Protein chains: 2
Amino acid sequence: MANNVIQLDRIFAALADPTRRAIVMRLCDGEASVGELADPFDMALPSFMKHIHVLEMSGLVQSEKAGRVRTCRLRPEAMVGAEDWLQHQRAIWEARLDRFEAYVMKLKKEKTERPAPKRPSAPKKGKA
Amino acid sequence: MANNVIQLDRIFAALADPTRRAIVMRLCDGEASVGELADPFDMALPSFMKHIHVLEMSGLVQSEKAGRVRTCRLRPEAMVGAEDWLQHQRAIWEARLDRFEAYVMKLKKEKTERPAPKRPSAPKKGKA
DNA sequence: CCTATAGTTAGCGTCATGGCTAACAATGTA
DNA sequence: TACATTGTTAGCCATGACGCTAACTATAGG
């Protein structure tokens with residue numbers, strides 16, 4: 001319970017940094033060594049490693065060392081927690097909103113369908 | 001561009017705090033004054049006001065003052081940015097996962113004896 | 001006018017974050 | 001064995017986050 005909350009804290013905090021979001025994006029393309037990940041960034045390695053560490057603490061990233069190379073990969077399950085929280089809030093909001101206002105609906109129409117996740121637990125927000 | 005990124009920073013950072021998430025949840029139920037919002041929290045008002053301010057800077061919350069009462073309401077459009085980012089990453093991940101599975105299928109077809117890893121890893125790291 | 005209510009401003013302490021350098025493993029490779 | 005690569009540890013600094021109290025402003029109500 002409280003554990004979950006803390007994990008949400010960590011996930012959102014991890015994603016609040018552009019360097020770390022970039023790392024996550026990069027890892028969506030496949031696993032990579034620390035060196036490969038660090039390459040695009042103009043940052044000393046120890047600083048960079050701290051970001052990796054924050055991502056690992058959040059559960060978003062997992063890494064293991066083979067020889068002298070540490071390989072990192074994404075753990076997208078972790079992201080689901082944050083995603084669900086957001087979707088849940090919006091669901092509540094929209095339910096409430098339906099009683100008297102419609103402008104967010106218009107907003108969402110402008111957004112026109114982001115792709116429906118095929119993730120099992122996705123509530124699918126069936127566009128009520 | 002960079003502006004969006006900064007806004008993402010702020011939104012995720014705002015959501016990284018349990019007090020602020022609780023405020024957002026509360027506001028999903030409808031607008032409320034600062035005092036009403038602060039009531040459940042064992043926190044001095046000035047501290048609490050900082051949270052409100054962070055939420056406003058992130059765009060998640062909007063407030064206006066009438067008389068001596070400041071009323072806050074949610075601006076869920078702001079949340080959509082974060083939600084989209086997460087969904088987008090997961091979409092990329094899943095697309096990659098599909099490619100990977102296809103790759104493994106191919107591998108298995110070519111070398112019938114090779115076992116498929118249960119966990120996705122990069123089919124090929126660019127940067128040979 | 002006087003007082004209670006509702007926020008606000010100012011200022012402080014402490015800890016976390018994000019960056020750095022320098023020096024140290026540990027592992028491949030010639 | 002010696003050298004280069006790849007991370008890692010330790011320690012420093014500046015800034016920001018998050019909490020507090022005290023004192024202040026501005027309305028609402030009696």
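Quick caveat: nothing in here was measured; it's all calculated off a predicted structure. Every chain is numbered from 1 and lettered A, B, ... according to where its sequence line falls, protein lines coming before strand lines.
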Gap between atoms CZ and P, on B:R70 and D:dT25 respectively (whole Å):
18 Å
Below 4.0 angstrom, which residues in residues 44-60 of chain A have at least one non-hydrogen atom near DNA chain D?
A:L45, A:P46, A:M49
Sequence neighbours left out, what passes side chain to side chain contact (heavy atoms under 4.5 Å, CB included) with A:R20? Give chain and number order.
A:A14, A:D17, A:H51, A:V54, A:L55
Nucleic acid contacts of residues 7-20 of chain B, taken as heavy-atom distances under 4.0 Å to DNA chain C:
none
Can you list the residues that meet the side-chain hydrogen bond (donor to acceptor under 3.5 Å, both in side chains) rule with A:R10, with sequence neighbours excluded?
none
Could you list all N or O pairs between the protein and nucleotides 25-29 of chain C that sit under 3.5 Å apart?
unit_1 : atom_1 : unit_2 : atom_2 : d
C:dT27 : O2     : A:R68  : NH1    : 3.1
C:dG28 : O4'    : A:R68  : NH2    : 3.4

Distance check needed: D:dT6 C1' versus A:E36 CD, whole Å only.
12 Å
Can you find a heavy atom in the side chain of A:V61 that is under 4.5 Å from one in the side chain of A:R75?
no
For a 4.5 angstrom cut-off between non-hydrogen side-chain atoms, does B:V5 reach A:R21?
yes
Any side-chain heavy atom of B:F48 within less than 4.5 Å of one from B:L37?
yes
Does any donor atom in the side chain of A:S58 or A:Q7 lie under 3.5 Å from an acceptor atom in the other side chain?
no
Earlier contact from the 5' end, DNA chain C, for A:D42 and B:T71
B:T71
Can you tell me which residue among A:E94, A:H88, A:Q87 is in a side chain to side chain donor-acceptor pair (under 3.5 Å) with A:R90?
A:E94
Please report the interatomic distance OG1(B:T19) to NZ(B:K50), rounded to the nearest 0.5 Å.
13.0 Å
Take the angle between the ring planes of A:W85 and A:F12 and call it parallel below 30°, perpendicular above 60°, tilted in between.
perpendicular
Does B:A13 have any side chain to side chain contact (heavy atoms under 4.5 Å, CB included) partners at least two apart in sequence or in another chain, and if so, which?
A:A16
